[in-house]
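Take a look at the structure set out below.
Order of listing sets the numbers, starting from 1, for every ligand and every atom in it. Just so it is clear, the values below take in all heavy atoms, side chains as well, and ignore hydrogens, waters and symmetry mates.
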Amino acid sequence: MKSRKESNSIYKHGNPLATPIVFIHGFPYDHNMWDKQISFLQNSYFCISYDIRGLGNSPAGDGQFTMESFVDDLEEIIDELKLDKPVLCGLSMGGYIVLRAVERIEGQLGGLILCDTKSEADTNEVKLKRAAGIKKINDEGVQKFVEDFVPTCFTEESIRSLTEYKETLARSLKSDPIGVKGCLLAMQGRTDTTSYLSKIKIPALVLCGEEDKLSPPSSMKSMSEKINSAEFVVIPDAAHMTQIENPEAVNKAFLSFLKRNFV
Ligand code: MLT
């Protein structure tokens, strides 16, 4: 059996003595989606990103992932790097990992940044979409799945004009089908973390793209209202991939939250 160290590629930037921030990417992407935030914050914070199992440079293995195993990986990264009260920052599937991690180990965390995500488990309709996605990968290949899915995460303007859109799509097209299917099953089987939101005590920033159709601003606003400590920010000119589509606005919101709450 492979050790955890062989399961996740981990990337570190900045001063290890500064406040740690762990960046957790969405599906079906990789750690590169945080490049603009990390280059902006690395002079003041210890920035850690990693590839979730089966995506980016992290091997898929047998693809038998669960949301719990994703949180186990995160906990082990926190332990291995001896991170003291890290801020967890997750987008979409990364946010599902953050929300379950806070339920499991809030006492070990410093704060939360939840981008374009949700606390509810999959509805029946979404479960069926995941199953259809797996069938599409089996029948037509992972590239067809990625080509159909990735554009739903961006605004039409981002698709037309952003080089980063093309780069992100090109990286996702190289995904291992076993890893992508494993992530779909892990998301499909995740628990609902809504009941814990009102118990969260650590500082939280909830951020959402104005045109996000996968986790729309109205549902993210209502999630943020359940967290006593949360501030809510809507990012203009962005859909689901806020940090790539409008990095300036995202960086500004991150920095102002971090400066207010951490050294
Ligand atoms: C993501 O961006 O991580 C995915 O859209 C999450 C999902 O499919 O639920």
Side-chain angles (χ1 to χ4, degrees), residues 22-34 37 49-56 58 63 65-67 69-71 73-74 88-101 112-137 142 145-155 158-159 162 164-165 167-169 171-173 175-177 179-194 206-217 219-220 223 235 238-246 250:
V22 184
F23 292 89
I24 310 166
H25 63 81
F27 165 90
Y29 304 108
D30 66 15
H31 70 282
N32 288 287
M33 63 167 253
W34 298 109
Q37 286 64 51
S49 59
Y50 67 96
D51 290 333
I52 292 169
R53 275 179 204 245
L55 296 174
S58 294
F65 313 141
T66 63
M67 196 51 62
S69 68
F70 286 160
V71 178
D73 286 342
L74 171 62
L88 301 185
C89 172
L91 184 135
S92 201
M93 179 173 75
Y96 307 156
I97 297 174
V98 171
L99 283 162
R100 180 63 186 132
L112 308 175
I113 303 179
L114 296 163
C115 309
D116 303 271
T117 191
K118 54 173 84 78
S119 58
E120 294 85 10
D122 280 2
T123 59
N124 281 349
E125 190 189 346
V126 177
K127 283 181 184 167
L128 293 174
K129 265 195 199 152
R130 308 275 190 215
I134 291 173
K135 182 165 163 45
K136 186 184 283 186
I137 295 169
V142 72
F145 173 83
V146 167
E147 274 164 12
D148 291 346
F149 181 79
V150 171
T152 66
C153 298
F154 290 83
T155 64
S158 301
I159 293 172
L162 281 187
E164 288 82 0
Y165 167 75
E167 291 167 355
T168 303
L169 176 62
R171 276 196 303 273
S172 290
L173 284 169
S175 300
D176 183 334
V180 174
K181 289 190 282 184
C183 289
L184 283 167
L185 288 172
M187 289 192 283
Q188 189 190 50
R190 75 188 191 279
T191 56
D192 190 311
T193 51
T194 310
V206 176
L207 180 150
C208 183
E210 194 175 24
E211 296 173 52
D212 189 344
K213 292 190 181 61
L214 301 176
S215 37
S219 70
M220 287 218 67
M223 178 172 91
I235 301 295
H240 192 58
M241 296 295 277
T242 41
Q243 79 305 341
I244 291 178
E245 300 185 271
N246 193 343
V250 169

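- Side-chain contact check for C183 versus L55: some heavy-atom pair is nearer than 4.5 Å.
- Here L214 contributes atom CG and T117 contributes atom OG1; the two are 10.5 Å apart, rounded to the nearest 0.5 Å.
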Atom pairs and distances, ligand 1 N/O vs protein N/O under 3.5 Å:
unit_1   : atom_1 : unit_2 : atom_2 : d
ligand 1 : 2 (O)  : F27    : O      : 3.4
ligand 1 : 2 (O)  : S92    : OG     : 3.0
ligand 1 : 2 (O)  : H240   : NE2    : 2.9
ligand 1 : 3 (O)  : F27    : N      : 2.7
ligand 1 : 3 (O)  : S92    : OG     : 3.1
ligand 1 : 3 (O)  : M93    : N      : 2.9
ligand 1 : 5 (O)  : H240   : NE2    : 3.4
ligand 1 : 8 (O)  : R130   : NH1    : 2.8
ligand 1 : 9 (O)  : Y96    : OH     : 2.5
ligand 1 : 9 (O)  : R130   : NH1    : 3.4
ligand 1 : 9 (O)  : R130   : NH2    : 2.8

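- To the nearest 0.5 Å, atom CD of residue Q37 and atom CZ of residue F23 are 7.0 Å apart.
- With hydrogens and angles ignored, the 3.5 Å screen pairs no side-chain donor or acceptor of Q243 with any backbone N or O of W34.
- Side chains of T155 and E211: no donor on one and acceptor on the other come within 3.5 Å.
- Note: L169 CG to C153 SG = 10.5 Å, rounded to the nearest 0.5 Å.
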